[in-house]
Amino acid sequence: MNHKSNWRDDAICAADKHHYKWLSYKVTDVEYAKEGCSRCKVKKQCLITALKNDAFVGVIAGMSEYDFLLKTWQYSTEENESNWTGDSGLLYQLLQETE
């Protein structure tokens, strides 16, 4: 049987001995997780999965929950997006930042 590997198998956080830091709110833990994400090869898949499942918790693809909420708020309040009704533009922007 040919088993296709799951992107999570390649995630830095899954193999890290301090994996719990990705769900912490301590500043030092968040910084640790973000640094780990900066070396990760599956950030894009991580972000897409979190957004699809409406589960943006902890540090995802190098962004904390706070970073994500701030980016969402900033995007939705831009003058040229005064009638903001969707997240496709925001998704595009976030995906660009994961590269």
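The basis for the numbers below is simple: all heavy atoms, side chains too, and nothing from hydrogens, waters or symmetry mates.
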Roughly how far, to the nearest 0.5 Å, is the SG atom of Cys37 from the CE atom of Met63?
9.0 Å
If you group Ile, Leu, Val, Met, Phe, Trp and Tyr whenever their side-chain heavy atoms sit less than 4.5 Å apart, what else falls in with [X]?
{"X": "Val27", "result": "none"}
{"X": "Tyr25", "result": "none"}
{"X": "Val57", "result": "Leu23"}

Considering all heavy atoms, the nearest Gly58-Glu65 contact:
N-OE2, 2.8 Å
Kindly give the heavy-atom pair with the smallest separation between Lys34 and Gly62, and that separation in Å.
CG-O, 3.6 Å
Non-neighbouring partners of Glu35 that pass salt bridge (charged side-chain N to carboxylate O under 4.0 Å, His left out), sequence neighbours left out:
Arg39
Within one Ile-Leu-Val-Met-Phe-Trp-Tyr cluster: [X] and [Y], side-chain cutoff 4.5 Å:
{"X": "Phe68", "Y": "Val30", "value": "no"}
{"X": "Tyr32", "Y": "Ile60", "value": "no"}
{"X": "Val59", "Y": "Ile12", "value": "yes"}
{"X": "Trp22", "Y": "Phe56", "value": "no"}

Residues passing the ring pair (Phe, Tyr, Trp, His ring centres under 6.0 Å) test with His19, sequence neighbours excluded, are none
With the side chain counted from C-beta on, respond yes when Arg8 and Thr49 share a heavy-atom pair under 4.5 Å apart, and no when they do not.
yes
Is there side-chain contact between Asp29 and His18, with at least one heavy-atom pair below 4.5 Å?
no
Please enumerate all residues that pass side chain to side chain contact (heavy atoms under 4.5 Å, CB included) together with Val42, with sequence neighbours excluded.
Trp7, Asp10, Ala11, Cys40, Gln45
Can you pull out every side-chain hydrogen bond (donor to acceptor under 3.5 Å, both in side chains) where at least one residue sits in residues 51-64? Sequence neighbours excluded, please.
Ser64-Asp67
